[in-house]
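By convention here, the first residue in the shown sequence is residue 1. Every number for a ligand or one of its atoms is a count from 1 in the order of the listing. Note that the coordinates shown come from a computational prediction; the quantities given were computed from them, not determined experimentally.
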Amino acid sequence: MRIAVPNKGRLHDPSVELLERAGLHLVDGADRQLYAQTVDPDVTVLYARAADIPEYVADGAADIGITGLDQVREAEVDLVDLRDLDFGRCRLVLAAPEDDDSVTAVADFEGGRVATEFPNITRRFFEEQGVDVDITEVSGATELTPHVDIADGIVDITSTGTTLRMNRLEIVAEVLQSSVRLFAREDTADAEKVQQVDMALGSVLSAEDKRYLMMNAPEDALDDVKEVLPGMGGPTVMDIAGSDDVAVHAVVEESAVFETINDLKSVGASDVLVTEIERLVE
Ligand SMILES: Nc1ncnc2c1ncn2[C@@H]1O[C@H](COP(=O)(O)OP(=O)(O)OP(=O)(O)O)[C@@H](O)[C@H]1O
Ligand SMILES: O=P(O)(O)OC[C@H]1O[C@H](OP(=O)(O)OP(=O)(O)O)[C@H](O)[C@@H]1O
Ligand SMILES: [Mg+2]
């Protein structure tokens, strides 16, 4: 089974890190090598540009791929979105010079010019809006185009908004919300190995906001301890050799840890340990 992964840029490191955390360790992959075996002899990683990965999956060069939803929408290929991998979150927006009052709404672009790295997404957006525009495709530095009279506005990626602000552009409309996803083809989505990889990646993401709590408590405080411990079924309770206390283990939301520990101490728990969880296979 071949999985296409971004070979460079902002998506490369988080993609490789996620595979490693999911246990799909890469082996023998030299830095410039565009493929790598993994610890699973049935899973090979192919490295490609984020923009090319939709075609890699659609054409069968890879069975699944990790890339931005914006890249798949721009490629206009029909893929199965298996899972949001919760990074590379950004928006495609229509933006125009902040000091140009003639283009402050989508309709103002009627008969106007829009520069973008995403001509297909842009064309479809304006078609849906019933606005006729002239689209100019550029390969980067899109934010400059309205200031050198190449376009009246742009459709481009934004996440912090810094680049738009620095280039005195303001958002007129949101075109697409995007993040990095695990994509498959219709004919590969249900394959056993694809399901295994999807589950492994999901188990890492499920565990990220959970913590494992371990503590000791007097047996007669157990009911109060159970009251305090939220979520995931009942806690695990174990006898401690040579002690009247019991050991209690539970999985809790990371956001609840601070308050839960205070409550546990108040009902008599002691020696409370908090650890991260590598993977949580539901
Ligand atoms: N500023 C950003 N914030 C969040 N995600 C982004 C941002 N820019 C790009 N992305 C996501 O990363 C994907 C790849 O981005 P892009 O094609 O710009 O390559 P890159 O990884 O930024 O490398 P480079 O731009 O240097 O070629 C985009 O399709 C989008 O999904
Ligand atoms: O909202 P911000 O946080 O400012 O991010 C938006 C910028 O990020 C991307 O550029 P990138 O840095 O990837 O360079 P690129 O244009 O070469 O892709 C995108 O093309 C925008 O220019
Ligand atoms: Mg970029």
Side-chain angles (χ1 to χ4, degrees), residues 3-20 29 31-32 34 36 45-59 61-62 64-98 113-125 135-148 150-184 201 205 208:
I3 176 169
V5 171
N7 68 314
K8 61 177 284 194
R10 70 180 66 233
L11 300 188
H12 174 75
D13 290 346
S15 298
V16 170
E17 183 199 334
L18 182 58
L19 289 169
E20 291 284 347
D31 195 24
R32 303 296 296 174
L34 290 178
V45 166
L46 302 182
Y47 291 116
R49 295 289 286 133
D52 295 338
I53 287 176
E55 285 299 338
Y56 268 60
V57 179
D59 295 352
I64 54 178
I66 294 176
T67 191
L69 174 64
D70 57 314
Q71 296 294 351
V72 170
R73 288 285 175 80
E74 181 60 21
E76 295 190 324
V77 290
D78 188 16
L79 298 183
V80 178
D81 179 348
L82 290 179
R83 185 179 296 276
D84 186 336
L85 301 183
D86 204 22
F87 66 92
R89 202 163 291 287
C90 61
R91 296 188 298 158
L92 257 68
V93 293
L94 171 65
E98 60 194 17
R113 302 160 304 164
V114 176
T116 183
E117 293 179 60
F118 302 91
N120 293 329
I121 292 174
T122 302
R123 176 177 40 75
R124 282 203 308 276
F125 172 75
I135 296 171
T136 301
E137 182 173 1
V138 293
S139 56
T142 316
E143 293 85 357
L144 182 65
T145 56
H147 300 299
V148 292
I150 290 178
D152 304 302
I154 67 171
V155 168
D156 197 22
I157 284 171
T158 184
S159 50
T160 65
T162 306
T163 308
L164 289 176
R165 238 184 345 271
M166 299 289 281
N167 291 282
R168 303 189 322 284
L169 298 169
E170 66 184 7
I171 295 174
V172 171
E174 179 176 285
V175 174
L176 173 73
Q177 292 188 9
S178 177
S179 64
V180 171
R181 311 298 174 82
L182 179 65
F183 289 103
L201 299 181
L205 300 172
E208 272 180 347

(request) Under 4.0 Å from a heavy atom of Gly9: give me the atoms of ligand 1 that qualify, with their elements. (result) 21 (O), 23 (O)
Can you list, pair by pair, the side-chain donor-acceptor contacts under 3.5 Å of residues 165-175, counting residues two or more places apart and other chains?
{"residue": "Asn167", "atom": "ND2", "partner": "Thr163", "partner atom": "O", "Å": "2.6"}
{"residue": "Glu174", "atom": "OE1", "partner": "Arg91", "partner atom": "NH1", "Å": "2.8"}
{"residue": "Glu174", "atom": "OE2", "partner": "Gln177", "partner atom": "NE2", "Å": "2.9"}

(request) Below 4.0 angstrom from a heavy atom of Gly68, which ligand 1 atoms are there? Numbered from 1 as shown, please. (result) 31 (O)
Starting from the N and O atoms of ligand 2, find every protein N or O within less than 3.5 Å and list the pair with its distance.
{"residue": "ligand 2", "atom": "1 (O)", "partner": "Thr158", "partner atom": "OG1", "Å": "3.2"}
{"residue": "ligand 2", "atom": "1 (O)", "partner": "Ser159", "partner atom": "N", "Å": "2.7"}
{"residue": "ligand 2", "atom": "1 (O)", "partner": "Thr160", "partner atom": "N", "Å": "3.1"}
{"residue": "ligand 2", "atom": "1 (O)", "partner": "Gly161", "partner atom": "N", "Å": "2.8"}
{"residue": "ligand 2", "atom": "3 (O)", "partner": "Ser159", "partner atom": "OG", "Å": "3.1"}
{"residue": "ligand 2", "atom": "3 (O)", "partner": "Thr160", "partner atom": "N", "Å": "3.1"}
{"residue": "ligand 2", "atom": "3 (O)", "partner": "Thr160", "partner atom": "OG1", "Å": "2.6"}
{"residue": "ligand 2", "atom": "4 (O)", "partner": "Thr163", "partner atom": "N", "Å": "2.9"}
{"residue": "ligand 2", "atom": "4 (O)", "partner": "Thr163", "partner atom": "OG1", "Å": "2.6"}
{"residue": "ligand 2", "atom": "12 (O)", "partner": "Arg10", "partner atom": "NH2", "Å": "3.0"}
{"residue": "ligand 2", "atom": "13 (O)", "partner": "Arg10", "partner atom": "NH2", "Å": "2.7"}
{"residue": "ligand 2", "atom": "22 (O)", "partner": "Glu143", "partner atom": "OE2", "Å": "2.8"}

(request) Looking only at protein heavy atoms, identify the closest one to atom 3 (N) of ligand 1 and say how far it is in Å. (result) Ser159 OG, 2.9 Å
(message) My understanding is that we take every heavy atom of each candidate and find the minimum distance to atom 31 (O) of ligand 1. Doing that for Leu11, Asp70, Thr67, which one comes out nearest?
(response) Asp70
(message) What's the separation between atom CG in Leu85 and atom CZ in Arg181, rounded to the nearest 0.5 Å?
(response) 8.5 Å
(request) Ignoring hydrogens, tell whether any protein atom lies closer than 4.0 Å to atom 26 (O) of ligand 1; use the non-hydrogen atoms only. (result) no
(request) Write down the atom of Ala115, the atom of Val138, and the distance for their closest heavy-atom approach. (result) CB-CG1, 4.5 Å
(message) Could you tell me, atom by atom, which parts of ligand 1 come under 4.0 Å of a heavy atom of Gln71?
(response) 17 (O), 28 (C), 29 (O)
(request) Any chance you could measure Ile135, atom CD1, to Phe118, atom CZ, to the nearest 0.5 Å? (result) 13.0 Å
(request) Nearest 0.5 Å please: distance from the CZ atom of Arg123 over to the CD atom of Glu137. (result) 11.0 Å
(message) Any side-chain to backbone donor/acceptor pair from Ser159 onto Cys90? Under 3.5 Å, distance only.
(response) no
(message) With rounding to the nearest 0.5 angstrom, report the CG to OG distance, Asp81 to Ser179.
(response) 7.5 Å
(message) Under a 3.5 Å distance rule, please check whether Asp152 uses its side chain to pair with a backbone N or O of Arg113 as donor and acceptor.
(response) yes
(message) Within this structure, what is the CG-OH distance for the pair Asn7 and Tyr47, rounded to the nearest 0.5 Å?
(response) 9.5 Å
(request) May I ask which of His12, Arg89, Arg10 has a heavy atom nearer to atom 21 (O) of ligand 1 than the others do? (result) Arg10
(message) Please confirm whether Gly88 approaches ligand 1 to less than 4.0 Å, judged on its heavy atoms.
(response) yes
(request) For Arg124 and Arg73, indicate whether the former's side chain and the latter's backbone hold a donor-acceptor pair under 3.5 Å. (result) yes
(message) My understanding is that we take every heavy atom of each candidate and find the minimum distance to atom 14 (C) of ligand 1. Doing that for Pro6, Gly161, Ala50, which one comes out nearest?
(response) Ala50
(request) Find all atoms of ligand 1 within a distance of less than 4.0 Å from any non-hydrogen atom belonging to Ile157, and give their numbers and elements. (result) 2 (C), 7 (C), 8 (N), 9 (C), 28 (C), 30 (C)
(message) Does the protein come close to atom 18 (O) of ligand 1 - that is, does one of its heavy atoms sit below 4.0 Å from that atom?
(response) no
(request) Mind checking the CD1-OG1 spacing from Ile154 to Thr136? Nearest 0.5 Å is all I need. (result) 12.5 Å
(request) Look only at the side chain of Glu74 and the backbone of Ile121, and say whether a donor-acceptor pair between them is shorter than 3.5 Å. (result) yes
(message) Please work out, at 4.0 Å between heavy atoms, whether the side chain, the backbone, both, or neither of Arg49 comes within that distance of ligand 1.
(response) side chain
(message) Less than 4.0 Å from atom 5 (N) of ligand 1, is there any heavy atom belonging to the protein?
(response) yes
